[in-house]
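Working notes, beginning with the structure itself.
To find a chain, count down the sequence lines: A is the first, B the second, and so on, and within it residues start at 1.
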There are 2 protein chains.
Amino acid sequence: MENFVFYNPTKLVFGKNTVEKIGEYLKKDKVKRVLLLAGGGSIKKNGVYEKVVRSLMENSIEKIEVWGVRPNPVLSKVYEAIEVAKKEKVEAILAVGGGSVIDSAKAVAAGVLYEGDVWDFYLGRSNPKKALPLYAILTLSATGTEMNGNTVVTKEETLEKFAFGSIHVYPKLSIVDPEVQYTLPSNQTVNGAVDAISHVMEYYFDGTKRTDLIDRVDEGIISTLIETTEALLNDPKDYDARANFALATTLALNGVSGMGHRGGDWSSHAIEHALSALNPDVAHGAGLAVVFPAWMKYVYRKDPSKFRRFGRVIFRLKHSTPEKAIEALKKWYKKIGAPITLKELGFKREDIDELTEIAAKTAPMGKLVILEKEDIRKILEIAYEEE
Amino acid sequence: MENFVFYNPTKLVFGKNTVEKIGEYLKKDKVKRVLLLAGGGSIKKNGVYEKVVRSLMENSIEKIEVWGVRPNPVLSKVYEAIEVAKKEKVEAILAVGGGSVIDSAKAVAAGVLYEGDVWDFYLGRSNPKKALPLYAILTLSATGTEMNGNTVVTKEETLEKFAFGSIHVYPKLSIVDPEVQYTLPSNQTVNGAVDAISHVMEYYFDGTKRTDLIDRVDEGIISTLIETTEALLNDPKDYDARANFALATTLALNGVSGMGHRGGDWSSHAIEHALSALNPDVAHGAGLAVVFPAWMKYVYRKDPSKFRRFGRVIFRLKHSTPEKAIEALKKWYKKIGAPITLKELGFKREDIDELTEIAAKTAPMGKLVILEKEDIRKILEIAYEEE
């Protein structure tokens, strides 16, 4: 087990009828004027927007709205929201939506108080020293951004999909009401499951030895995601399945799943970012369903016993091997309707070159195995050819 | 699953060679003068005191020392430390020791800034509105107090062993260095294991339905404690066993193990408090090893499937029943050298009356089953007679 520091100051408010409490919480914190950041309008259909607006009104909190954050969020929208936030002198950012909205809101929160270009943070040229307080209402459980300090945004012009993390952009408060997710299209639940499972696996397979406790916690998160995804595909309004699913996605990336690890591997995430940078219609979760098993095939020889254990514990394989474990994961992804090849995502073989170029911008990458550009290409080739 | 709010602002600094960082952390927080609260002197034997003193000196931090916090800490020592803290105008409390020292330090931190009697908090007559910042260096993993806002103290005159919880007394920073625990007597490791397992079981068996994810997390914590306790009895200097044990005790009571639960049952803890109030030589963990299985026997009919699951998952019983599961737990307690009857703790049958009286001061208690005074007596009788 490795040394670690855990510090997570986000207050998580979880459960039924919690969205309508946002106004009270803001009032308690003496916030009077917020920038409400949102996506394409789903929060108007599922009733969340109405509840938020009423709660803000009842607590005399003014709001300025910026709409249009899209999946795989882009830098131009962040710039737009920063301008509005500055002009309107808001005291806090209120993100209402899924991971893309909250990730963008983190950039806005830090960007408003930064003299330079917010993209500097993503390039690693500067670190946020402060940020406006961020409040989040999560409407799609997947990325875990509601309880961490990470954000991923794409710069359209260069197809760079980069991330940064800062203690200053942890949401001060995040509300997770599983009921508002009853109406999600099933593919979004599936993508969320794959994303969260991948987050846990990035730690689980990073090669750290004797992480006995967190291995069990991580296996518990993955097993719960598998079980509840199947339950939700069967009945999207199974409250307890939604709740356990949602909590699992939060714990998958709030620091607990990586305690005592050496930071996670994150190669699969970096490679996936190239996929959705090149084609923004590729959902992050769908991309991960394709890339992660390919990465596993490429690297498992470095730590075969862990991959064997994965198959035994998660898929209850009696005679588990790394290969069988990876096949079991792919089979399950297929079962829930996730893609497992680059082909299915609409990529052509000749795209591998460009994907490699984009992904290699952050190479060398990884922990279990350090990947150079040629390794990335080989993984993409596995991801393409696989049945 | 129940609604819940999770908020835990403690920064956990975990691993090798972390004790000596305390001065830097205090300096970063601009603390210049601390009250160092400690126990009976074990921190001088294990080298922790020397490291702390050097680190404080190197960072120009003054300290005033108060020694003598004993296991099952008492109110009189808290009063003494509050007086010193006030007189010496310290800016923070630095607790160096086990759960008793940290619990006492929480009372001191809140008591210094309170006009009235700090015992008011334990009586529920008042709640802390503020507290001095608390820093902790944990030298005995057991109670989980290093990452929560709970404190338990005994008032000697009345034998009342009461608790309170407040967001204001969460340690701002807790350092857990597993290596400093290499020299612990094995019975302290055993008591720590029983205490932490009991914390998790208070939630696990509180009767909440469909806590799928946290059941798995809780089972992971318990299984890890079982495995690492055995490893440590065999080799007290097995670093990874110490580290996983320590982390398990922290997660057992930092809020994660109870997410989505209805607050835990806590009857066994309340009954145990009577034991160590009447006889301060009874370690909290030892008392719990006796009381918890007796409580289980008394209540399991209310939720037999959960007790069956416990036997199946934790002790891998092929044909688990609640009775077999409880027997397996007692057998394991016996195996590691924990007492399992009141007799072994030195109590006589006639003590049951007084124990009942003391414990019943907080009756009715419990969640899975609401216990009145007569229920408590019956549980104590089971605890006495059991072989």
Side-chain angles (χ1 to χ4, degrees), chain A residues 1-18 21 25 147 167 172-178 209-225 227-228 231 238-252 254-257 259-260, chain B residues 1-18 21 25 147 167 172-178 209-225 227-228 231 238-252 254-257 259-260:
Chain A
M1 202 163 127
E2 300 289 320
N3 282 13
F4 68 92
V5 174
F6 177 87
Y7 176 54
N8 190 322
T10 299
K11 180 181 280 190
L12 178 67
V13 176
F14 190 102
K16 295 176 183 176
N17 306 318
T18 48
K21 292 184 179 167
Y25 279 111
M147 202 174 178
I167 193 61
K172 189 174 165 65
L173 177 95
S174 278
I175 291 177
V176 178
D177 182 340
K209 297 297 173 196
R210 291 293 306 273
T211 47
D212 313 353
L213 172 61
I214 298 302
D215 281 353
R216 289 185 167 109
V217 171
D218 289 351
E219 287 156 359
I221 295 172
I222 295 173
S223 294
T224 301
L225 285 166
E227 194 176 270
T228 55
D238 176 340
Y239 178 78
D240 288 303
R242 277 277 173 222
N244 279 286
F245 181 98
L247 184 55
T249 62
T250 302
L251 290 193
N254 78 341
V256 171
S257 66
M259 283 175 163
Chain B
M1 200 164 132
E2 300 288 321
N3 282 12
F4 69 92
V5 175
F6 177 88
Y7 176 54
N8 191 321
T10 299
K11 181 181 280 192
L12 178 67
V13 177
F14 190 102
K16 295 176 182 176
N17 306 317
T18 49
K21 292 185 180 166
Y25 279 112
M147 203 174 176
I167 191 63
K172 188 173 165 66
L173 178 94
S174 278
I175 291 177
V176 177
D177 182 340
K209 298 297 175 197
R210 292 292 307 273
T211 47
D212 314 351
L213 172 61
I214 299 302
D215 282 352
R216 290 186 167 109
V217 170
D218 289 351
E219 288 156 358
I221 294 172
I222 295 173
S223 294
T224 301
L225 286 165
E227 193 176 271
T228 54
D238 176 341
Y239 178 78
D240 288 303
R242 278 276 174 223
N244 279 286
F245 181 100
L247 184 55
T249 63
T250 301
L251 290 193
N254 77 341
V256 171
S257 66
M259 283 177 163

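- Comparing A/L247, A/V217, A/V256 by heavy-atom pairs within less than 4.5 Å of chain B, the highest count is held by A/L247.
- Per-residue counts of heavy-atom pairs under 4.5 Å with chain B were compared for A/D238, A/V176, A/T228; the largest is that of A/D238.
- Not a single ring-ring contact (aromatic ring centres under 6.0 Å, His included) links A/Y25 to another residue, sequence neighbours left out.
- Using a 4.5 Å cut-off between heavy atoms, B/D212 contacts chain A through both its backbone and its side chain.
- When every heavy atom of A/S257 is checked against every heavy atom of A/I214, the shortest pair comes out as O-CG2, 3.1 Å.
- Within the 4.5 angstrom heavy-atom criterion, no atom of B/I175 approaches chain A.
- Among B/A241, B/S223, B/P178, the residue with the largest count of heavy-atom pairs under 4.5 Å with chain A is B/S223.
- The minimum heavy-atom distance linking A/P9 with A/I167 is given by the pair CD-CD1, 4.0 Å.
- A search for ring-ring contact (aromatic ring centres under 6.0 Å, His included) contacts involving A/F245 returns nothing, not counting sequence neighbours.
- The residue among A/D240, A/V5, A/L251 with the most heavy atom pairs within less than 4.5 Å of chain B is A/D240.
- Across all their heavy atoms, A/N8 and A/M147 have their closest contact at ND2-O, 2.8 Å.
- Interface remark: of the candidates A/I221, A/L12, A/T18, A/D215, A/L12 forms the most heavy-atom pairs closer than 4.5 Å to chain B.
- Looking only at heavy-atom pairs under 4.5 Å with chain A, the residue among B/R210, B/K16, B/K11 that has the most is B/R210.
- Residues A/F14 and B/M259 form no side-chain contact, since every pair of their non-hydrogen atoms from C-beta on lies 4.5 Å or further apart.
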